[in-house]
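Numbering starts at 1 and runs along the sequence shown.
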Amino acid sequence: MTTASRDEPRWLTDDEQRTWQAYLHSTALLEDHLDRRLQRDVSLPHVYYGLLVQLSEAPEHRMRMTELAQQAKITRSRLSHAVARLEKNGWARRESCPSDKRGQFAVLTEAGLAMLRSAAPGHVAAVRGALFDRLSPEQVEQLGEICRVMAEGLQPECADADLPWQR
């Protein structure tokens, strides 16, 4: 193998390029669709809705802020702003961590749980209409497998990785 061929990028084939562009287009449209629906229904960005869902599924409806940032795949700064907005609406609160003076928990409030319960039917209808109702059962299974393989391949292998929730 020559030096030039070793340094040459593995360009996408025409089929791969079409698939890549379709993926980018569809995921951007889906995120925008879900965000607009939640903004219209409950004045809440999709990413904030996801935070409330994470809290609703956590034991005692509470999570360490660092863990919540990791689950949401966002920076700690963005999470802090998001939780501040959720606090302003009465949907979440922060609590100090007794075992770590610098640590904090985000806690879903009763009002936040009520808002989540009222928003969930519209959100799931939007997800179903935009994605699952358009796919066959086989395609749903394939999409799930593809997403799992992608996620596994993108998981950081070392603790020193430059990850959003560590910033």
Side-chain angles (χ1 to χ4, degrees), residues 22-135 140 143-167:
Y23 170 81
L24 290 175
H25 188 71
S26 65
T27 55
L29 288 171
L30 178 60
E31 182 61 32
D32 179 67
H33 174 72
L34 297 176
D35 193 62
R36 282 185 291 113
R37 174 75 184 251
L38 283 165
Q39 290 280 11
R40 184 193 72 207
D41 291 353
V42 292
S43 300
L44 188 69
H46 188 228
V47 69
Y48 292 10
Y49 178 86
L51 296 173
L52 293 177
V53 169
Q54 290 289 328
L55 291 173
S56 76
E57 295 174 349
E60 299 178 24
H61 296 177
R62 76 176 54 234
M63 288 180 84
R64 289 284 301 255
M65 292 283 283
T66 53
E67 183 183 350
L68 186 56
Q70 181 177 0
Q71 292 294 320
K73 308 293 186 260
I74 60 175
T75 65
R76 291 181 287 194
S77 174
R78 185 172 181 200
L79 176 65
S80 184
H81 289 291
V83 172
R85 173 146 179 229
L86 296 174
E87 286 178 304
K88 183 179 175 188
N89 289 326
W91 297 333
R93 69 177 183 275
R94 295 179 216 223
E95 291 181 357
S96 297
C97 177
S99 63
D100 177 2
K101 294 196 188 301
R102 294 184 309 165
Q104 287 190 316
F105 286 98
V107 182
L108 182 65
T109 64
E110 286 301 319
L113 189 57
M115 188 285 305
L116 195 55
R117 286 183 179 137
S118 72
H123 179 66
V124 76
V127 169
R128 184 165 293 290
L131 181 63
F132 294 108
D133 289 348
R134 297 172 182 272
L135 302 176
V140 170
L143 179 61
E145 180 60 22
I146 289 166
C147 291
R148 283 187 289 279
V149 168
M150 286 175 54
E152 287 171 11
L154 293 168
Q155 291 298 321
E157 294 182 16
C158 68
D160 295 337
D162 182 27
L163 302 169
W165 54 90
Q166 293 177 341
R167 289 184 230 135

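- Distance NE2/His46 to CG/Leu34: 4.5 Å, rounded to 0.5 Å.
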Using atom types as modelled, flag every donor-acceptor pair under 3.5 Å from a side chain in residues 119-135 to any protein atom, sequence neighbours excluded.
{"unit_1": "Arg134", "atom_1": "NE", "unit_2": "Gly129", "atom_2": "O", "d": "3.1"}
{"unit_1": "Arg134", "atom_1": "NE", "unit_2": "Ala130", "atom_2": "O", "d": "3.4"}

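- Expressed to the nearest 0.5 Å, how far CH2 of Trp91 lies from CG of Leu113 amounts to 13.0 Å.
- The minimum heavy-atom distance between Ala106 and Leu68, with the atom names listed, is CB-CD2, 3.8 Å.
- In this structure, CG in Leu86 is found 5.0 Å from CG in Leu52, a value given to the nearest 0.5 Å.
- Nearest approach of Gly90 to Ala111, heavy atoms of both residues: O-CB, 3.4 Å.
- Contact record, Leu51 with Ala72: CD2-CB, 3.6 Å, taken as the closest heavy-atom pair.
- Between Glu95 and Arg93 there is a salt bridge, since a side-chain N of the basic residue sits under 4.0 Å from a carboxylate O of the acidic one.
- Of the possible polar contacts, one joining the Ser56 side chain to the Val53 backbone as a donor-acceptor pair under 3.5 Å is found.
- Here OG1 of Thr66 is found 10.5 Å from CZ of Arg102. Values are rounded to the nearest 0.5 Å.
- The closest side-chain heavy-atom distance from Arg37 to Asp41 is below 4.5 Å.
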Full working for side chain to side chain contact (heavy atoms under 4.5 Å, CB included) between Met63 and Gln71: CA-CA 10 Å; Met63 288 180 84; Gln71 292 294 320; 3.6 Å; yes
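- Summarising the geometry of Phe105 relative to Pro98, their closest heavy-atom pair is CE1-CD, 4.2 Å, with the distance given to 0.1 Å.
- Other residues, nucleotides and ligands place no more than 12 heavy atoms under 6.0 Å from the CZ atom of Arg78.
- The CG atom of Leu79 sits 11.5 Å away from the CD atom of Glu67 when rounded to the nearest 0.5 Å.
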Intermediate values then yes/no, side chain to side chain contact (heavy atoms under 4.5 Å, CB included), Val83 and Arg94: CA-CA 8 Å; Val83 172; Arg94 295 179 216 223; 3.7 Å; yes
From CA spacing to verdict: side chain to side chain contact (heavy atoms under 4.5 Å, CB included), Gln104, Ser80: CA-CA 10 Å; Gln104 287 190 316; Ser80 184; over 6 Å; no
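- Atom OH of residue Tyr48 and atom CG of residue Asn89 lie 10.0 Å apart, to the nearest 0.5 angstrom.
- When all heavy atoms of Arg64 and Gly103 are compared, the pair lying nearest together is NH2-CA, 3.7 Å.
- No side-chain heavy atom of Gln39 sits under 4.5 Å from any side-chain heavy atom of Tyr49.
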